[in-house]
Amino acid sequence: MVSLALDSAILAETYDRVSDRQFNHGKLLIEELQISTGESVLDVGCGTGRLGAHVAELVGPSGEVSGVDPLPLRVALANGKRRPNFSASVGQAEDLSRFAVGSFDVVFLNSVLHWLPEKLGPLREARRVLKRGGRLGISSAARERPHDFERVLADVLSSLGVTGTAEALGSTPHKVTSDDLKSTLLLAGFEDPKLQIRSFTDHFTDTDDVIAFYLASSFGNFLSNLVPADAARVKPALAAELERRRAPEGIRLQRHLIFTVARAGGADGGEPASRRAGERTTRR
Ligand SMILES: C[S@@+](CC[C@H](N)C(=O)[O-])C[C@H]1O[C@@H](n2cnc3c(N)ncnc32)[C@H](O)[C@@H]1O
């Protein structure tokens, strides 16, 4: 099970430093959303806010970007980006009740959906806070096309006889297939979903670089449920397998992501997931 209690200042700062991969594919997602000056945007699972700060520049002073993320240390780094039209707060995709119906032109989740155990509730929340016709953008690991690293890790664990799969051990455990995501989007009130799998090639300096990336990206969950004796065996075996993939630029690994853009259909969304007294406010 994914824990939100394993993050640390070091992991959060490392993520801010090593997340060029998420930032770069996130910029491609943002391009697909065709964001314009003056729009209001919600970044769900904003992390340390690199992409949110980029979108704040795109919407300009007449626009506004809000971010939510459950990890306070990452929210603090996001607010430290000091963009006057970007503010982040602690919160979760499952409960966007702090935002009124129809608050946003665009909602996006970049490398976040595969961390959510249940998709329909968060997508209904995204629909509720979007204006009718507003755009939703998602990039998410694809269940039908695992990343190279997940296959390498699964082989290593199985060769060592370590119980549990790579998924159970914290590498993006809640992936969806494109088909499931499409049908869930329609159920949540989105129209005209366009999905495509895009592949990205990464290069890493060495095994420590790979591990640091996955630990920071998983906010401490990566391999966190291994007993220390097993963890000690995994690292050298992983290093041996990863070295076989070394190219002149470094250890070469491909990732495959479902890129999704959809429109909020129908009437404005209904009640928020949580309606606890006093919890609902408008954005400003
Ligand atoms: C790989 S990071 C991506 C961060 C950011 N979107 C980016 O592009 O760099 C995944 C993020 O999902 C967030 N997350 C995990 N569970 C969440 C939930 N239930 N609701 C919203 N965000 C969540 C984590 O806190 C983490 O910041």
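FYI, the numbering just counts along the sequence from 1. Keep in mind that the numbers below use all heavy atoms, side chains included, and drop hydrogens, waters and symmetry copies. What you see is a predicted model, and the numbers here were worked out from it, not measured in a lab.
Look at D230 and R233 and you find a salt bridge, because one of the NZ, NE, NH1 or NH2 atoms lies within 4.0 Å of a carboxylate O, short of that distance. Between R74 and D69, none of the side-chain N atoms (NZ, or NE/NH1/NH2) sits under 4.0 Å from a carboxylate O, so this pair counts as no salt bridge. A salt bridge links K235 and D208; the closest N-O separation between the charged side-chain nitrogens and carboxylate oxygens is under 4.0 Å. Between E32 and R198 there is a salt bridge, since a side-chain N of the basic residue sits under 4.0 Å from a carboxylate O of the acidic one. No salt bridge links R252 with D202; every basic N to acidic carboxylate O contact stays at or beyond 4.0 Å. Remark: E94 does not engage K119 in a salt bridge, criterion side-chain N to carboxylate O under 4.0 Å.
Contacts of R263 classified as salt bridge (charged side-chain N to carboxylate O under 4.0 Å, His left out), with partners at least two apart in sequence or in another chain: none. The side chain to side chain donor-acceptor pair (under 3.5 Å) test applied to S199 returns H256, not counting sequence neighbours. Annotation: side chain to side chain donor-acceptor pair (under 3.5 Å) contacts of K194 (sequence neighbours excluded): D192.
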Practice item. Take T260 and L136 through the side chain to side chain contact (heavy atoms under 4.5 Å, CB included) test and state the conclusion after the steps. Key: CA-CA 8 Å; T260 305; L136 173 72; 5.8 Å; no
Review point. Going through the checks in order, is the side chain to side chain contact (heavy atoms under 4.5 Å, CB included) test met by V55 and F108?
Key: CA-CA 11 Å; V55 176; F108 70 89; 4.0 Å; yes
Exercise for review: Apply side chain to side chain contact (heavy atoms under 4.5 Å, CB included) to the pair D155 and E241, showing each step before the final yes or no.
Suggested key: CA-CA 9 Å; D155 288 349; E241 275 310 306; 5.9 Å; no
Practice item. For L116 and L109, run side chain to side chain contact (heavy atoms under 4.5 Å, CB included): C-alpha distance rounded to whole Å, both residues' side-chain angles, the deciding distance at 0.1 Å, then the answer. Key: CA-CA 11 Å; L116 307 182; L109 297 88; 4.2 Å; yes
**Study point:** Trace of the side chain to side chain donor-acceptor pair (under 3.5 Å) decision for T177 with D179
**Key:** CA-CA 5 Å; T177 63; D179 286 349; 5.6 Å; no
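A distance-only check finds a donor-acceptor pair linking the side chain of R128 to the backbone of F99 [under 3.5 Å]. Under the 3.5 Å distance criterion, the side-chain polar atoms of N85 are matched with a main-chain donor or acceptor of G60. For E243 (side chain) and R246 (main-chain N/O), no donor-acceptor pair under 3.5 Å exists by modelled atom type. Listed for the E39 side chain is a donor-acceptor partner under 3.5 Å among the backbone atoms of S36. Between the side chain of N221 and the backbone N or O of V2, no donor-acceptor pair lies under 3.5 Å. At least one donor-acceptor pair closer than 3.5 Å links the side chain of S139 to the backbone N or O of S111. Without hydrogens or angle criteria, R127 side chain to L130 main chain gives a donor-acceptor distance under 3.5 Å.
For the pair L160 and A237, the tightest heavy-atom approach, listed with the atom from each and the gap, is CD1-CB, 4.0 Å. Scanning all heavy atoms of the two residues, the minimum distance from A9 to L73 falls at N-CD1, 3.5 Å. Closest non-hydrogen pair, A142 versus K175, comes out as O-CD, 3.9 Å. Summarising the geometry of H147 relative to L257, their closest heavy-atom pair is CE1-CD2, 4.0 Å, with the distance given to 0.1 Å. Between A216 and V18, the shortest heavy-atom contact is CB-CG2, 4.5 Å. When all heavy atoms are compared, the tightest approach of T14 to A212 is CG2-O, 4.4 Å.
Inter-residue side-chain proximity for R50 and S19 is flagged as met; some heavy-atom pair is nearer than 4.5 Å. Annotation: side chain of D16 is in contact with side chain of K81 (closest heavy-atom distance under 4.5 Å). Within the 4.5 Å cutoff, the side chain of L238 has heavy atoms near those of the V152 side chain. Proximity of T37 to V59: side-chain heavy atoms (C-beta onward) are nowhere separated by under 4.5 Å. Here the side chains of R255 and D148 are not in contact, with every heavy-atom distance at 4.5 Å or above. Taking 4.5 Å as the limit, every side-chain heavy atom of F86 sits out of range of all side-chain heavy atoms of E64. Annotation: side chain of V41 is not in contact with side chain of D105 (no heavy-atom distance under 4.5 Å). At a threshold of 4.5 Å between non-hydrogen side-chain atoms, the residues V162 and V156 do not count as touching.
Figure legend: cation-pi geometry between R17 and F213 absent, as NZ or CZ is not positioned both under 6.0 Å from the six-membered ring centre and within 45° of its axis.
Clustering ILVMFWY residues whenever any of their side-chain heavy atoms sit less than 4.5 angstrom apart, transitively, puts L113 in the very cluster that holds F190. By the criterion of side-chain heavy atoms lying less than 4.5 angstrom apart, applied directly or through intervening Ile, Leu, Val, Met, Phe, Trp or Tyr residues, L11 is grouped together with L226 in one hydrophobic cluster. Connection of V234 to F222 is established within a shared hydrophobic cluster, with ILVMFWY side chains joined at heavy-atom distances below 4.5 Å, either directly or through further cluster members. Hydrophobic clustering (side-chain heavy atoms under 4.5 Å, transitive across Ile, Leu, Val, Met, Phe, Trp, Tyr) keeps I258 apart from L186. The cluster map of Ile, Leu, Val, Met, Phe, Trp and Tyr, joined by side-chain heavy atoms under 4.5 Å apart, puts L6 and L223 in different clusters.
Once rounded to the nearest 0.5 Å, the distance linking CD of E13 with CG of L77 reads 6.0 Å. Between atom CD1 of residue I251 and atom CG of residue D206 there is a gap of 6.5 Å, rounded to the nearest 0.5 Å. The line from CG of L29 to CD1 of I138 is 8.5 Å long, rounded to the nearest 0.5 Å. Here the CZ atom belonging to F104 is positioned 13.5 Å from the CZ atom belonging to R135, to the nearest 0.5 angstrom. Expressed to the nearest 0.5 Å, how far CZ of R145 lies from CZ of R151 amounts to 8.5 Å. To the nearest 0.5 angstrom, L253 atom CG is 9.5 Å from T201 atom OG1.
Aromatic ring pairs are classed by plane angle as parallel below 30°, tilted from 30° to 60° and perpendicular above 60°; the pair F259 and H25 is perpendicular.
By the 6.0 Å contact criterion, CD1 on I197 is enclosed, its count of non-hydrogen atoms from other residues, nucleotides or ligands being greater than 12. A 6.0 Å sphere centred on NZ of K182 holds no more than 12 heavy atoms belonging to other residues, nucleotides or ligands.
Under the ring pair (Phe, Tyr, Trp, His ring centres under 6.0 Å) test applied with F219, the options Y15, W115, Y214 reduce to a single match, W115.
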